Undergrad: 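First the structure, which I've put down as structure tokens, then a few questions once you've had a look.
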Amino acid sequence: MLEDNLNETQSNDTNALIERRLEELAELNNRSINAFEYSYDVDSFSQEIKADFEKYDGKVVSVAGRIMAIRRMGKASFTHIQDDHGRIQAYIRKDDVGEDSYATFKLLDIGDIIGIRGYVFKTKTGETSVHADEVKLLSKSIRPIPIAKETTDEKGNKVIHDQFVDKELRYRQRYVDLIVNPKVKEVFIKRSKIISSMRKFLDDSGYLEVETPVLQSLYGGAAARPFITHHNALDMKLYMRIADELYLKRLIVGGFNGVYEISKDFRNEGIDRTHNPEFTMMELYVSYKDYNWMMEYVEKMVQYICKDVFSTTEFEIEGNKVNFDGKWNRVSMVDELNKILGYDILKTTKDDLAKSAKQHHVELKGGESKGKIIDELFEVTIQHKLVQPTFVVDYPVELSPLAKKHREKDGLVERFEAFVVGRELCNAFSELNDPIDQKQRFVDQSKMREEGDDEAHQIDDDYVRALEYGMPPTAGLGVGIDRLVMLLTNQSSIRDVILFPHMRPND
RNA sequence: GCACCCUUAGCUCAGUUGGCAGAGCAAAUGACUCUUAAUCAUUAGGUCGCCGGUUCGAACCCGGCAGGGUGCACCA
């Protein structure tokens with residue numbers, strides 16, 4: 001038994017395995033061994049040593065990492081340690097490291113972090129290894145990790161036994177997930193590279209990365225319910241932003257040629273496979289451009305990221321072969337729907353649309369605008385069929401209070417969304433820069449709000465004032481980063497591309 | 001918000017008709033100086049998610065709650 005005060009200093013879900021390791025820790029202390037060292041001079045990494053054995057053969061290296069396997073054979077032992085990019089085996093002989101050091105090694109466990117110095121060699125079975133002359137404990141692990149073991153079958157495929165798969169534990173304790181499931185780590189490395197690559201593409205275009213307020217007294221730029229918080233000193237309600245849009249366009253008014261922001265937005269909605277309450281969005285605004293230009297820009301940007309990060313534009317996504325290369329399909333939302341429904345949706349009545357909605361099993365509550373019904377019909381009839389990257393262009397004005405009226409088609413705005421395997425990749429439009437029209441749209445939205453639509457846009461008078469000073473013609477774009485990463489890494493849940501997805505508190 | 005499913009040892013999972021709580025890995029002790037899911041022997045390890053009910057008896061049947069998953073709804 002250990003003293004009570006020792007137990008109180010750790011998390012309270014202790015067990016016999018942890019108590020056993022605390023006893024080992026006490027024994028290490030008795031031997032004046034620091035179980036939590038200050039630093040270690042690492043000069044080599046597992047992956048490089050294994051990839052370039054000829055260069056390292058016989059050379060003395062210092063490596064460090066977490067013990068993932070130990071095979072003891074009396075006076076000699078093998079261990080695998082895992083560093084940032086892989087694992088390497090070490091061979092530890094009592095005769096080489098000395099009696100005391102070998103006795104200390106016997107007190108170590110899977111999960112402990114150690115440093116090893118020794119020369120690189122290949123075992124008689126051909127595995128690149130480090131023949132240790134020094135083993136140093138760097139950090140003791142007192143909580144056992146859920147260790148999996150690997151074998152290789154006749155075909156050379158890796159088979160993982162007893163893998164740590166409990167999704168709840170994996171998300172709540174992502175640090176453990178990352179230790180024992182290397183493929184998880186790969187996804188998050190890809191995520192980071194996708195964002196860097198996007199940033200590089202935007203920077204190389206000459207656009208300026210900026211930061212705008214997360215805490216806002218008026219929220220806008222999207223249709224969503226916000227998180228509400230409170231500022232104590234000012235004693236006022238503040239909202240967490242649901243979009244960056246209105247502030248970024250104020251900067252276009254201010255004279256920047258192009259601005260973008262990659263940041264978290266917050267929406268107070270349900271949580272599911274494609275929604276996390278905080279998520280990452282990239283928004284870009286470029287002056288003197290319209291949505292036609294932006295379509296080409298999106299194509300180029302996505303193709304650049306694909307080639308930069310994955311060295312290909314061809315992807316396997318949910319069993320579909322998808323190619324991002326070349327010019328993407330462009331379809332008109334209205335034309336496609338007219339073909340399917342057999343009449344002109346812009347000239348027809350709301351009642352006819354409601355009938356069509358019923359035929360296509362779209363549930364309406366009543367009170368939806370004409371544009372909303374059109375959008376619902378689009379989702380069930382067309383969206384899910386869009387496998388290859390496709391721009392859907394020209395949306396009903398009711399759905400897009402910040403987009404500019406179509407230059408030719410009445411009742412529509414110049415807006416597009418890109419879809420891949422039925423999923424939205426981005427949303428963009430020619431930005432509305434007529435302050436009088438914008439004011440009217442806000443007023444219309446506020447009527448919808450009064451009629452019970454709590455996601456309708458708030459009136460932002462300061463934004464209208466900014467437009468009154470004059471905003472150049474501008475193209476705007478929003479890309480949901482989490483969903484882009486889901487697509488490119490073929491993950492079906494947003495939780496698998498967010499390191500710490502939101503979970504209900506458990507303990 | 002609704003429906004269905006899951007919750008058993010640190011991890012992965014069995015658990016028959018309601019009748020003593022099981023295995024593999026991990027752990028401990030011993031043997032073993034080229035092993036690799038090391039091997040061999042021995043040992044220990046449980047609030048069967050929580051609360052209640054039915055029953056002589058509940059991991060198992062019933063009800064409620066919690067957490068999680070999937071689908072639907074919501075999400076321009």
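Since the structure is predicted, the reported quantities are computational estimates derived from the model, not experimental observations.
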Undergrad: Is any side-chain nitrogen or oxygen of A:Lys149 closer than 4.0 Å to OP1 or OP2 of B:rA38?
TA: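 Answer is yes, contact under 4.0 Å.
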
Undergrad: Side chain of A:Tyr91 only, heavy atoms from C-beta on: which candidate in B:rA27, B:rC34, B:rA76 is closest?
TA: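 In terms of side-chain proximity for A:Tyr91, the closest of B:rA27, B:rC34, B:rA76 is B:rC34.
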
Undergrad: For A:Tyr91 and A:Gln89, does a side-chain donor sit closer than 3.5 Å to a side-chain acceptor?
TA: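 Side-chain D/A pair, A:Tyr91 to A:Gln89: absent.
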
Undergrad: According to a strict under-4.0 Å criterion, is A:Arg93 in side-chain N/O contact with OP1 or OP2 of B:rU33?
TA: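 No, no such contact exists.
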
Undergrad: By centroid distance (under 5.5 Å) and plane angle (under 30°), are A:His161 and B:rG24 in a stacked arrangement?
TA: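 The base of B:rG24 is not stacked with A:His161 (the test needs centres under 5.5 Å and planes under 30°).
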
Undergrad: Looking only at side-chain atoms of A:Arg495, point me to the closest of B:rA76, B:rU70, B:rC32.
TA: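 Taking heavy atoms from C-beta onward, the closest nucleotide is B:rU70.
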
Undergrad: Describe the nucleic acid contact of A:Phe164 in one word from base, sugar-phosphate, nothing, applying a heavy-atom distance below 4.0 Å.
TA: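 Answer is sugar-phosphate: A:Phe164 comes under 4.0 Å of backbone atoms only.
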
Undergrad: Under a 4.0 Å N-O cut-off, is there an ion pair linking A:Asp444 with A:Arg441?
TA: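 Not counted as a salt bridge, because no side-chain N and carboxylate O are separated by less than 4.0 Å.
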
Undergrad: Testing the basics here: between A:His161 and A:Thr151, what is the closest heavy-atom pair and its distance to 0.1 Å?
TA: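 Heavy atoms of A:His161 and A:Thr151 come nearest at NE2-OG1, 2.6 Å.
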
Undergrad: If you check the A:Arg415 side chain, which of B:rA37, B:rG69, B:rA76 turns out closest?
TA: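 Comparing B:rA37, B:rG69, B:rA76 against the side chain of A:Arg415, the answer is B:rA76.
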
Undergrad: Send over the distance from A:Ile110 CD1 to B:rA28 C1', rounded to a whole Å.
TA: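 After rounding, the reported distance stands at 14 Å.
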
Undergrad: Within the pair A:Lys372 and B:rA76, is there a side-chain N or O less than 4.0 Å away from OP1 or OP2?
TA: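 No.
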
Undergrad: For A:Ile88 and B:rU35, what is the distance between atoms CD1 and C1' respectively, to the nearest whole Å?
TA: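 The answer, rounded to whole Å, is 15 Å.
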
Undergrad: Closest approach to the side chain of A:Asn427, judged atom by atom: which nucleotide of B:rA76, B:rA37, B:rA26 is it?
TA: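 That would be B:rA76.
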
Undergrad: Partner lookup for B:rC40, please. Criteria are Watson-Crick or G-U wobble with both distances under 3.5 angstrom; report none if nothing qualifies.
TA: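 B:rG30 is the nucleotide pairing with B:rC40.
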
Undergrad: For B:rA27, does OP1 or OP2 lie under 4.0 Å from any side-chain N or O of A:Arg20?
TA: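 So the side chain of A:Arg20 is outside the cut-off, no N or O lying under 4.0 Å from OP1 or OP2 of B:rA27.
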
Undergrad: I'd like to know if A:Asn15 reaches the base of B:rG10 with its side chain, counting only an N/O donor and acceptor under 3.5 Å.
TA: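 Checked by distance alone, the answer is no.
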
Undergrad: Quick one: is B:rG68 close enough that its OP1 or OP2 comes under 4.0 Å of any side-chain N or O from A:Arg504?
TA: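 Yes, because at least one side-chain N or O of A:Arg504 sits under 4.0 Å from OP1 or OP2 of B:rG68.
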
Undergrad: Is there, by distance only and without an angle test, a donor paired with an acceptor across the side chain of A:Gln89 and the base of B:rU35 below 3.5 Å?
TA: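 Indeed there is one.
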
Undergrad: For B:rU35, does OP1 or OP2 lie under 4.0 Å from any side-chain N or O of A:Arg72?
TA: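 For B:rU35, OP1/OP2 do not have a side-chain N/O of A:Arg72 under 4.0 Å.
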
Undergrad: Which residue, A:Met503 or A:Phe121, contacts RNA chain B at a nucleotide closer to its 5' end, judged by nearest heavy atom?
TA: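 Closest to the 5' end, via its nearest nucleotide, is A:Phe121.
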
Undergrad: Who does B:rG46 pair with, Watson-Crick or G-U, both distances under 3.5 Å?
TA: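 No nucleotide pairs with B:rG46.
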
Undergrad: State, without any angle test, whether A:Arg250 and A:Thr212 hold a side-chain donor-acceptor pair at a distance under 3.5 Å.
TA: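 Their side chains do not contain a donor-acceptor pair, so the 3.5 Å distance test is not met.
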
Undergrad: Quiz question: by atom type and distance under 3.5 Å, do the side chains of A:Glu127 and A:His80 form a donor-acceptor pair?
TA: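 Yes - a donor-acceptor pair under 3.5 Å links their side chains.
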
Undergrad: Are OP1 or OP2 of B:rA37 and a side-chain N or O of A:Arg71 less than 4.0 angstrom apart?
TA: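 No, no such contact exists.
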
Undergrad: Side chain of A:Asp95 only, heavy atoms from C-beta on: which candidate in B:rU33, B:rA27, B:rA37 is closest?
TA: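 Nearest to the side-chain atoms of A:Asp95, counting from C-beta on, is B:rU33.
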
